[in-house]
Amino acid sequence: MIFAALSLLCLVAGSHSAPLTCEELVRPLDRLNLHHLKGKWALVAGSLSHPPFLERFKQRDSASVNFYSNTSETHISYTRSISLHNECQYHTYNITLNGSSYTFDGTENDNFSANFAHTSCHDCMLMHMRMESGERQHFYLFSRRRQLEQKEMEEFRAQVECLNMPPPAVMDPTKALCPEETASDPAAQPEEKTEGQK
Ligand SMILES: *[C@@H]1O[C@H](CO)[C@@H](O)[C@H](O)[C@H]1NC(C)=O
Ligand SMILES: *[C@@H]1O[C@H](CO)[C@@H](O)[C@H](O)[C@H]1NC(C)=O
Ligand SMILES: *[C@@H]1O[C@H](CO)[C@@H](O)[C@H](O)[C@H]1NC(C)=O
Ligand SMILES: *[C@@H]1O[C@H](CO)[C@@H](O)[C@H](O)[C@H]1NC(C)=O
């Protein structure tokens with residue numbers, strides 16, 4: 001009660017530098033810009049609420065998503081690439097958009113919800129997925145850059161904290177991203193593979 005009153009006070013009296021409340025920090029994107037979404041995004045950091053999944057997530061060398069320029073406003077697709085043990089794994093997803101929320105096609109499940117979330121980083125994209133009625137959450141930060149400013153990472157860490165999720169795993173920006181998937185080379189290897197590694 002006192003806390004609520006205090007944060008209300010902060011909101012009223014606060015300047016732009018006042019710390020944001022969790023509700024403000026972790027909010028869906030006001031308006032999804034499909035044009036902005038198009039193309040390749042590097043995974044910068046992520047948190048997963050289920051510890052074994054987070055451990056597995058940390059083993060990735062790199063990951064990226066590539067949104068296609070589908071003509072539909074509501075039905076779009078993206079390919080996720082993961083570089084793990086020097087091999088690239090690809091998976092394409094069809095999603096249906098409703099504002100900044102989305103669902104994966106063919107998986108009608110009341111327990112799943114997902115949305116693109118707000119971030120103050122201008123060339124970033126945040127994906128927030130909730131399974132089992134919010135018991136299990138995934139929160140992924142992507143950017144056109146491989147590495148973000150400290151301030152941008154602080155915002156992400158604060159968002160993760162608001163969601164009561166474990167501290168995020170930060171990807172190694174020096175590890176190559178997978179090349180675009182080509183039909184002739186489904187098991188492509190990461191570009192600029194470091195010498196001597198197999
Ligand atoms: C979107 O475009 C990609 C690439 O052209 C295509 O593979 C995919 O099937 C399209 N998705 C939909 C829902 O039309
Ligand atoms: C995605 O949608 C396209 C177009 O409707 C379809 O051809 C394709 O098979 C779908 N892919 C998956 C993985 O569901
Ligand atoms: C889109 O989301 C709104 C608000 O959550 C909901 O009322 C509406 O039914 C949804 N539309 C579809 C097509 O699912
Ligand atoms: C939704 O999640 C609850 C709690 O984890 C589970 O008991 C239930 O079976 C799930 N329902 C579906 C449709 O998956």
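Sequential numbering from 1 along the given sequence is applied to the chain's residues. Just so you know, ligand 1 is whichever comes first in the structure, and atom 1 is the first atom listed for that ligand.
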Below 3.5 Å only, please: the N or O atoms of ligand 1 paired with protein N or O atoms, distance on each line.
from	atom 1	to	atom 2	distance (Å)
ligand 1	2 (O)	Asn70	ND2	2.5
ligand 1	11 (N)	Asn70	ND2	2.9
ligand 1	11 (N)	Ser77	OG	2.6
ligand 1	14 (O)	Asn70	ND2	3.4

Crowding at CZ, Arg56 (>12 non-hydrogen neighbours, <6.0 Å):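 12 or below, so no.
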
Provide the full list of disulfide (SG to SG under 2.5 Å) pairs with a residue in residues 133-176, sequence neighbours left out, each pair given once. Cys22-Cys162

Not counting sequence neighbours, list each pair that qualifies as a salt bridge (Lys or Arg N to Asp or Glu O under 4.0 Å) and has a residue in residues 115-130. Asp123-Arg145

Quick test of your reading: applying side chain to side chain donor-acceptor pair (under 3.5 Å), list the pairs with at least one residue in residues 160-172, sequence neighbours left out, ordered by first then second residue.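 Pairs touching residues 160-172 that pass the test: Asp172-Thr174.
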
Could you walk me through whether Tyr140 and Phe57 pass the side-chain contact (heavy atoms from CB on, under 4.5 Å) check? CA-CA 11 Å; Tyr140 300 120; Phe57 177 82; 3.5 Å; yes

One thing to verify: whether Arg157 and Glu154 come together as a salt bridge, which I'm taking to mean a side-chain N less than 4.0 angstrom from a carboxylate O.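 No.
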
